Amino acid sequence: MMYERYYGQFKDNKQVLYEVQIWQESDSAFTVEEITLRDGALRIEWGKKDKLDPIRTSGATLNILCQSDRKFIDLYTVAVGTVRLDVYRAESLYWSGTISTESYEEPYYTSKGYAVTLTFSDFNILDRIKYSLTGFKTINEVINYCLLS
């Protein structure tokens, strides 16, 4: 089950409130911690696609302040799809995606008070999930397969 692990808030230049929540798969709930967001804390980039393409992917970069050495490294040592970022804009879900486990950067010249960049994507996880259905399937069959896999 997914449990909330970290959260943070900021306002954009038009004073619209954003809340970010990091959820992680676990057997038990976490003590939810507030994270300190850096200037330019969140950047969401939408992939360039033709207007007739059915899916337009996006990615999010979250810049946070790390108060202790390697505090967030365990977010990258988990199975694909087990850490999720939800972004709320004015209390409505605005963006959601899972962490990209391939890239993790952290400066090793200081033990605390440094910036960590977490990267998330919306549909990239689909490249890693094995899809074994064949032939024509109804939308209901595909959704049930995805939910139960």
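Since the model is a prediction, treat every value here as computed from it, not as a measurement. Just so you know, residue 1 is the first one in the sequence shown, and it goes up from there.
Within 6.0 Å of the CG atom in L93, the count of heavy atoms belonging to other residues, nucleotides or ligands exceeds 12. Residue-environment remark: CD (E34) exceeds the threshold of 12 foreign heavy atoms within 6.0 Å.
The minimum heavy-atom distance linking S96 with D86 is given by the pair OG-OD1, 2.6 Å.
E4 places no side-chain N or O within donor-acceptor distance of the main-chain N or O of W23, the cut-off being under 3.5 Å. Between the side chain of D122 and the backbone N or O of S58 there is at least one donor-acceptor pair closer than 3.5 Å.
Between the OG atom of S26 and the CE atom of M2 there is a distance of 10.5 Å, given to the nearest 0.5 Å. Once rounded to the nearest 0.5 Å, the distance linking OG1 of T36 with CG of N63 reads 13.0 Å. Residue N13 holds its CG atom at 13.0 Å from NZ of K11, rounded to the nearest 0.5 Å. Atom-to-atom distance recorded for L62:CG and T117:OG1 is 8.5 Å, nearest 0.5 angstrom.
Residues F72 and I22 have side chains not in contact (no heavy-atom distance under 4.5 Å, counting atoms from C-beta outward). Put simply, the side chain of L42 does not reach to within 4.5 Å of the side chain of L37, judged on heavy atoms. At a threshold of 4.5 Å between non-hydrogen side-chain atoms, the residues L118 and L85 do not count as touching. At least one side-chain heavy atom of D74 sits under 4.5 Å from a side-chain heavy atom of R5.
Pairs engaging residues 12-23 under the salt bridge (charged side-chain N to carboxylate O under 4.0 Å, His left out) rule: none recorded [sequence neighbours left out].
Cluster annotation: Y94 and I35 are assigned to the same hydrophobic cluster (Ile/Leu/Val/Met/Phe/Trp/Tyr, side-chain heavy-atom contacts under 4.5 Å, transitive). Hydrophobic clustering places I44 together with Y18 (ILVMFWY residues linked when any side-chain heavy atoms are closer than 4.5 Å, directly or through intermediates). Linking ILVMFWY residues whenever their side-chain heavy atoms come closer than 4.5 Å, directly or via other members, leaves V32 and L75 in distinct clusters. L65 and V20 are members of different hydrophobic clusters when ILVMFWY side chains are connected at heavy-atom separations under 4.5 Å. One hydrophobic cluster, built from ILVMFWY side chains closer than 4.5 Å, cannot hold both I99 and Y88; they sit in different ones.
With Y6 as the partner, the side-chain contact (heavy atoms from CB on, under 4.5 Å) test is satisfied by one option alone out of Q21, Q24, K71: K71.
Using cut-offs of 30° and 60° on the angle between ring planes, the pair W95 and F120 is perpendicular.
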